[in-house]
Protein chains: 4
Amino acid sequence: MTLRKKKFAKKKEEILHSAINIIAERGYHGTTMEDIASNLFITKGSLYYYFKDKQELVFQSQIMLLLRSIDNMIAVQLEDILIAEKLRKAMRVHVTYLLRERSGFEMMIQPDHLFSKQQLEEIVSLREQYGTYFDQMINDGIEEKVFHVTDSKIVRNIILGAMNWVTQWYSPKGKKDVTEIADTIADHLMRVVIKN
Amino acid sequence: MTLRKKKFAKKKEEILHSAINIIAERGYHGTTMEDIASNLFITKGSLYYYFKDKQELVFQSQIMLLLRSIDNMIAVQLEDILIAEKLRKAMRVHVTYLLRERSGFEMMIQPDHLFSKQQLEEIVSLREQYGTYFDQMINDGIEEKVFHVTDSKIVRNIILGAMNWVTQWYSPKGKKDVTEIADTIADHLMRVVIKN
Amino acid sequence: MTLRKKKFAKKKEEILHSAINIIAERGYHGTTMEDIASNLFITKGSLYYYFKDKQELVFQSQIMLLLRSIDNMIAVQLEDILIAEKLRKAMRVHVTYLLRERSGFEMMIQPDHLFSKQQLEEIVSLREQYGTYFDQMINDGIEEKVFHVTDSKIVRNIILGAMNWVTQWYSPKGKKDVTEIADTIADHLMRVVIKN
Amino acid sequence: MTLRKKKFAKKKEEILHSAINIIAERGYHGTTMEDIASNLFITKGSLYYYFKDKQELVFQSQIMLLLRSIDNMIAVQLEDILIAEKLRKAMRVHVTYLLRERSGFEMMIQPDHLFSKQQLEEIVSLREQYGTYFDQMINDGIEEKVFHVTDSKIVRNIILGAMNWVTQWYSPKGKKDVTEIADTIADHLMRVVIKN
DNA sequence: CATGAATGAGGTTTCATTCAT
DNA sequence: TATGAATGAAACCTCATTCAT
């Protein structure tokens with residue numbers, strides 16, 4: 001019984017992964033159920049055994065991505081290091097995750113028209129939760145007088161934006177590998193917050 | 001005859017504007033020819049008098065956006081001010097333009113699958129040209145020893161990303177208006193490049 | 001302009017006719033848009049130019065049928081004949097219309113799950129209006145002491161049911177033609193109401 | 001072994017019952033195997049252990065209904081009462097059975113396209129057999145000079161139609177209960193046949 | 001016996017595109 | 001120039017059916 005359910009859940013995740021990758025490439029409307037299915041060597045129909053409809057599938061994939069990202073942040077949060085190092089680490093983790101998982105942040109853009117009000121609320125809430133980890137670190141740094149920023153909300157968004165954009169320009173063929181890119185970005189972005 | 005052509009060109013621009021706005025909201029695939037047409041109180045069919053097909057229409061609108069952005073940069077470039085001020089100004093102009101025109105940078109994201117190879121080359125070339133203005137300013141700053149960066153290409157992308165992301169989080173209902181937001185973003189981003 | 005609209009309306013009616021006939025044969029779910037379209041030598045897609053969706057098309061066809069039936073009853077109502085004759089005539093008209101138009105009363109059966117609440121209300125209201133003409137005649141007959149019934153609502157339904165069932169058993173290959181069938185049915189049903 | 005078979009047959013009947021009820025509500029095409037199965041808390045797949053396919057299942061359910069109706073008529077036939085009373089009783093039984101069992105007479109309507117030729121023949125034959133009981137009673141009444149009709153076949157159909165229609169208009173919420181409705185209908189319909 | 005999983009044919013619907021007027 | 005009408009390809013989705021376990 002539990003085996004069954006595990007298998008079911010595993011397959012669901014597989015599908016979500018497939019979906020994330022393809023949607024990251026082609027966008028929501030540009031991706032067909034056929035695309036997602038054939039990528040897994042199953043048929044369209046099977047997808048509907050696991051998900052009610054396309055929207056639900058895509059919604060779930062967003063949720064999965066966000067939950068994982070949040071897990072990443074929690075892990076960083078728990079580390080016992082100086083606040084500046086913690087923020088830098090968070091940035092590196094974010095960028096690395098983004099590039100490694102091709103994680104479909106593209107889809108996160110303007111999801112207003114794709115999802116239901118309720119779904120949207122859940123997504124926004126998780127996004128906000130994720131952002132809060134950065135807020136926290138920024139504020140901690142301010143309190144410890146290591147950081148100096150005039151508007152922490154905006155700074156958070158500047159940092160997230162700068163990082164998310166990486167999927168637009170990073171090419172694996174370039175000189176730097178993912179880790180180096182993550183380091184460089186983190187180093188430069190630290191300047192935005194660090195005192196002098 | 002010339003009048004004819006002028007009228008034709010004017011109408012074309014009108015259509016491009018309509019398209020840009022709607023596509024910015026709903027994405028390429030989420031926007032129908034019907035949407036674009038009805039927004040201008042004309043019929044679908046008429047669009048085909050001005051543009052060969054949807055792709056062409058969208059492509060042209062991208063080109064228009066990019067050309068305008070480049071014009072903006074040229075204007076900034078020509079100003080006779082200190083390099084740091086020039087870069088700061090460029091940032092303010094970029095963010096302001098973005099928020100004012102709702103300019104469909106969303107569409108610029110991963111257009112790989114929408115356009116033909118030739119079209120893509122033209123877009124990439126214009127994008128690159130646009131980026132070059134920032135590269136130029138950054139490099140000028142380095143030479144003048146006002147800026148200090150380790151990798152100017154990455155810094156350019158960090159800056160562009162941080163700015164472009166603004167369309168994702170800025171709400172007109174917030175406390176700050178467009179100008180203030182642009183200022184705040186520019187101020188913080190200057191820290192990425194400025195020495196000390 | 002008016003010509004255009006007339007053409008549009010005419011085409012719409014054509015489609016409704018086609019739909020009525022086919023649905024009468026195969027039922028709502030058994031009828032495909034393809035069926036309706038190919039019957040008119042047009043394509044599926046064209047149907048959507050005239051009707052929002054299948055449900056709307058079918059709904060409109062029901063309305064059309066009911067309105068016509070009501071027109072029939074109004075015509076009978078206006079005739080200046082004895083009440084018994086009037087009822088008999090109404091029956092003959094009903095049966096004739098039913099058999100001539102193959103009028104899809106089959107669809108009228110249990111439309112609960114096909115239509116929206118609002119649509120259902122409209123249908124029920126028209127059905128009721130139609131039934132009222134029979135009620136009226138029955139009650140007139142009672143007042144004039146020509147008819148004798150204990151429950152006029154039930155009698156109305158008995159009469160309508162007996163008539164509607166004709167589509168289930170009448171075969172054009174039989175001895176009697178439509179008019180004769182209508183006469184025979186009407187004659188026998190008159191006995192249900194007539195005094196002695 | 002016999003126990004096995006009994007259990008098998010019992011389960012089959014259960015399924016048929018479920019099917020009859022649901023199809024009565026939603027029609028053949030509107031009812032899914034899933035609907036029928038979940039109503040019995042089993043899975044779709046299991047149905048195929050008992051019936052070759054959907055059509056077979058539905059066909060069997062029709063047959064079951066008809067056989068039971070015929071049993072009803074046989075019981076009435078055997079009663080030792082006057083012919084007029086016998087016909088009246090038959091009507092009451094018919095209406096009561098219809099309303100009690102929600103018996104899916106809707107499905108009986110135009111089954112032409114649902115069943116195979118052979119299946120159709122069997123259904124038509126049973127239907128006819130059922131009708132014959134009414135014919136018999138009508139003819140007996142004529143011979144005994146209690147009834148007076150010009151065309152007994154048509155009269156049979158009038159009576160059946162009037163009765164079958166009851167499922168369309170009878171509401172359990174109304175004043176009359178099933179028995180009263182059956183009585184009223186029977187009383188009025190007797191007038192169609194009774195001499196003066 | 002029963003089921004979970006998968007399939008694929010077929011249905012509804014959307015929409016870019018064409019074309020006669 | 002502009003449009004009303006039509007088209008057809010392709011998308012989403014449903015569901016009867018199969019089958020290994």
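The chains referred to below are lettered A, B, ... by the order of the sequence lines, with proteins before strands, and numbering in each begins at 1. Because the structure is a prediction, the values reported are computed rather than measured.
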Specify the separation, in whole Å, of atom [atom1] of [X] and atom [atom2] of [N].
X     : N      : atom1 : atom2 : result
C:K5  : F:dT3  : NZ    : P     : 15 Å
C:L47 : F:dA5  : CG    : P     : 14 Å
C:I36 : E:dG11 : CD1   : P     : 12 Å
A:K7  : F:dA20 : NZ    : P     : 14 Å
B:L40 : F:dT3  : CG    : P     : 11 Å
D:F8  : E:dA2  : CZ    : P     : 10 Å
C:K10 : F:dG4  : NZ    : C1'   : 18 Å

Quiz prompt | Complementary nucleotide of F:dC19, counting Watson-Crick and G-U pairs under 3.5 Å | solution = E:dG4
Practice problem: Searching all strands shown, indicate the nucleotide that pairs with F:dA11 (Watson-Crick or G-U wobble; both distances under 3.5 Å). | Solution: E:dT12
Quiz prompt | Nearest-0.5 Å distance that lies between atom CD in A:Q60 and atom CD in A:Q55 | solution = 11.0 Å
Quiz item: With the threshold set at 4.0 Å, does a side-chain nitrogen-carboxylate oxygen contact exist between B:K7 and B:E13?
Solution: no
Self-check item: Flag for A:E122-A:Q118: side-chain donor and acceptor within less than 3.5 Å
Solution: no
Practice problem: Could you tell me whether a side-chain N or O of C:S116 sits under 3.5 Å from a main-chain N or O of C:Q119, the two making a donor and an acceptor? | Solution: yes
Identify the pairs formed between an N or O of the protein and an N or O of nucleotides 12-15 of chain F at a distance under 3.5 Å, and give each distance.
from, atom 1, to, atom 2, distance (Å)
F:dC12, OP1, A:K54, NZ, 2.9
F:dC12, OP2, A:M33, N, 3.0
F:dC13, OP2, A:Y48, OH, 2.9
F:dC13, OP2, A:K54, N, 3.0
F:dC13, N4, A:K44, NZ, 3.3

Practice problem: Run the ring-centre check on A:F51 versus A:F59 and record whether the distance is less than 6.0 Å. | Solution: no
Quiz item: From E:dT3, F:dA5, E:dT7, pick the nucleotide closest to the side chain of C:Y49?
Solution: F:dA5
Quiz item: Which atoms form the tightest heavy-atom contact between C:L57 and C:L16, and what is the distance?
Solution: O-CD2, 3.5 Å
Practice problem: For residues C:I36 and C:S18, report the shortest heavy-atom separation together with the two atoms involved. | Solution: O-OG, 3.3 Å
Exercise. Select base, sugar-phosphate, or nothing to describe what C:Y50 touches, counting heavy atoms under 4.0 Å on all strands.
Key: sugar-phosphate
